[in-house]
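Report on the following structure.
All figures in this text were calculated on a predicted structure; none of them were measured in a lab.
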Amino acid sequence: MDRTELVELLSPASLRLLDSLPPYDSHGDVVKLVSDLRKAGHAPGLVSAVLSQSRLRVKATLKFGEFAERMLFTEAGLEQATRLRVAALHAGRFAGLGAALGHPPRVADLGCGIGGDAMALAALDLPVVAIDADEVTATVASFNLAPFPNASALQADAETFDLADFDAVWLDPARRTSGHSNTTRLTRSEDYSPSLDFAYLLATRLPLGMKLGPGHDRDLIPVDAEAQWVSVDGQLVEMGLWFGALVRPGIRRSALLLTPGGTHELTAPEDSADVEAGSLGNYVYEPDGAVIRARLIGDLARSLDAHMVSEGIAYLTNDRLTPTPFASAFRVLETLPFDEKKLRLALLERRIGTLEIKKRGVDVDPATLRTRLKLKGPESATLILTQAAGHRIALLVERVR
């Protein structure tokens, strides 16, 4: 969304029109909807703006639930926005500062984007000011924060904003190229805005929490920070860094899993020591991505009385089933040689129908292999391409939890 579209939207009549639209359906007759809106006398620019927002609201439901129905978005802002469920946990950390301060902490949300984290902070009655350097983004954040009397948004430069009146800082550096649509992810941390150097220096003055991508270079994690990798319904979504009074005692590494069944967490004072590689067992465990990134596989293996399939491979294996929320468990049906022709014949004999292909440390394109196998039949299974005892193998497995 550019400034022209935003101006089109920010009137009571335009917002009423947006709210009156049916949920956006990309498979529906969008052309007819556009035609109907034009026949009703709405200008082309307004029609384009409300339909774009309607589409983004549907897309945003995954992150914001029913709140998305009354929010405004930019494409780039939605891409980087924190899921509301995760943002609520961020806000909870800041709320915990209140006991020591004697009052709810005043939080500056630097690089606020569309205001998702600021909404969560305000929902816990924390006074928050959301800051973004981009005029359109700051205006969208202001709209989204309007229901909260203790929240406001400003257009300002995060690195020069006066923080004298604040007790803590939340920082979500821009990790995409500038603009509101058709942006790409920045791969170099030195290109983030605000910069990491600014953030780390600020963390020496104020309690600070910061959101980064889950694949962020671990060598750049400061030794005094608590690093927490967060997974939502099996999808690794972020790494959070916490500094100062926001760091939990004795914790420097954490894997936090948010699942339909609840919240689960593994914590440690440092990366856990790996376990030795052993022989293949009856059950294979695939650790959640947060556990892998947090390098807590060793702790998970010891809790399962399991060992690695091979050095450097994330799969764990043992001879008994041990339920855990931190890993998917598979029963090994058969071990097959990793030879494409033999593998294809073996699987065709079993008439495997729906086949999910996973790989660890094996140079093969699962999509290409799936096409070549030309599998048929009603059954379903998972093929894990991996290596054990120095040999490439294929494990035909079924999920047991």
Side-chain angles (χ1 to χ4, degrees), residues 81-132 141 144-145 147-154 156 158-173 194-212 216 221-230 237-256 258 263-269 290 294:
T82 306
R83 286 165 170 78
L84 205 53
R85 187 179 179 188
V86 180
L89 296 176
H90 296 163
R93 288 231 193 188
F94 287 96
L97 297 175
L101 293 172
H103 60 79
R106 296 159 294 184
V107 182
D109 180 357
L110 302 182
C112 67
I114 59 175
D117 276 290
M119 288 171 58
L121 290 162
L124 292 186
D125 294 326
L126 304 182
V128 56
V129 176
I131 306 298
D132 202 282
N144 293 334
L145 290 169
F148 302 96
N150 53 333
S152 60
L154 297 173
E159 296 194 20
T160 59
F161 184 71
D162 186 1
L163 296 170
D165 294 329
F166 293 89
D167 302 301
V169 172
W170 171 253
L171 185 60
D172 187 359
S195 69
L196 292 187
D197 287 343
F198 164 77
Y200 294 157
L201 181 61
L202 184 57
T204 64
R205 296 169 40 208
L206 289 168
L208 183 144
M210 178 166 56
K211 172 185 168 184
L212 294 170
H216 184 73
I221 299 174
V223 295
D224 58 340
E226 176 189 338
Q228 181 184 66
W229 285 262
V230 182
V237 297
E238 70 171 54
M239 179 187 73
L241 288 183
W242 302 94
F243 297 85
L246 293 168
V247 174
R248 294 173 293 178
I251 297 177
R252 289 297 183 271
R253 297 291 181 265
S254 163
L256 179 65
L258 307 182
T263 301
H264 313 276
E265 188 177 27
L266 276 179
T267 62

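- With a 4.5 Å cut-off on side-chain heavy atoms, Val128 and Phe148 do not count as touching.
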Start with the C-alpha distance between Phe243 and Arg205, add both sets of side-chain angles, then the distance that settles side-chain contact (heavy atoms from CB on, under 4.5 Å), and finish with yes or no. CA-CA 10 Å; Phe243 297 85; Arg205 296 169 40 208; over 6 Å; no
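- Between Leu212 and Leu196, some side-chain heavy-atom pair lies under the 4.5 Å cut-off.
- Across Pro127 and Pro105, no two heavy atoms sit closer than the pair CD-O, 3.6 Å.
- The CG atom of Leu110 sits 6.5 Å away from atom CD1 of Ile131, with the distance rounded to the nearest 0.5 Å.
- The salt bridge (Lys or Arg N to Asp or Glu O under 4.0 Å) check on Arg93 picks up Glu226, with sequence neighbours excluded.
- Listed by chain and number, the residues in a salt bridge (Lys or Arg N to Asp or Glu O under 4.0 Å) with Asp172 are Arg175, Lys211 (sequence neighbours excluded).
- Across all non-hydrogen atoms, the minimal contact from Ala227 to Ile221 is CB-CD1, 4.1 Å.
- Leu171 CG to Leu206 CG: the interatomic distance, rounded to the nearest 0.5 Å, is 12.0 Å.
- Evaluation of the side chain to side chain contact (heavy atoms under 4.5 Å, CB included) rule for Ala81 yields Lys63, Phe64, Ile114 as partners, not counting sequence neighbours.
- For Arg85, the salt bridge (Lys or Arg N to Asp or Glu O under 4.0 Å) test picks out no residue, with sequence neighbours left out.
- Between Phe94 and Trp170, the ring-plane angle classifies as perpendicular under the 30° and 60° cut-offs.
- Between Gly209 and Leu246, the shortest heavy-atom contact is N-CD1, 3.8 Å.
- Closest approach of Pro269 to Arg252, counting heavy atoms only: O-CB, 3.2 Å.
- In this structure, CG in Leu121 is found 11.5 Å from SG in Cys112, a value given to the nearest 0.5 Å.
- In this structure, the side chains of Arg83 and Val230 stay at 4.5 Å or more apart for every pair of heavy atoms.
- The two residues Ala141 and Gly113 come nearest to each other via the heavy atoms CB-O, 3.4 Å.
- In this structure the side chain of Pro222 reaches within 4.5 angstrom of the side chain of Leu241, judged on heavy atoms.
- By the salt bridge (Lys or Arg N to Asp or Glu O under 4.0 Å) test, Glu265 is found to be paired with Arg248, residues two or more places apart in sequence or in another chain being considered.
- Atom CG of Leu256 sits about 9.5 Å away from atom NE2 of His264, to the nearest 0.5 Å.
- Counting heavy atoms from C-beta on, the side chains of Leu163 and Leu202 come closer than 4.5 Å.
- The minimum heavy-atom distance between Pro173 and Pro194, with the atom names listed, is CB-O, 3.5 Å.
- Judged as a salt bridge (charged side-chain N to carboxylate O under 4.0 Å, His left out), the pairs with a partner in residues 105-117 (not counting sequence neighbours) are, in order, Arg106-Asp167.
- In this structure, Trp229 has its ring center at least 6.0 angstrom away from the ring center of His216.
- Atom CG of residue Leu266 and atom CD1 of residue Ile251 lie 11.0 Å apart, to the nearest 0.5 angstrom.
- Atom-to-atom distance recorded for Asp125:CG and Asn150:CG is 6.0 Å, nearest 0.5 angstrom.
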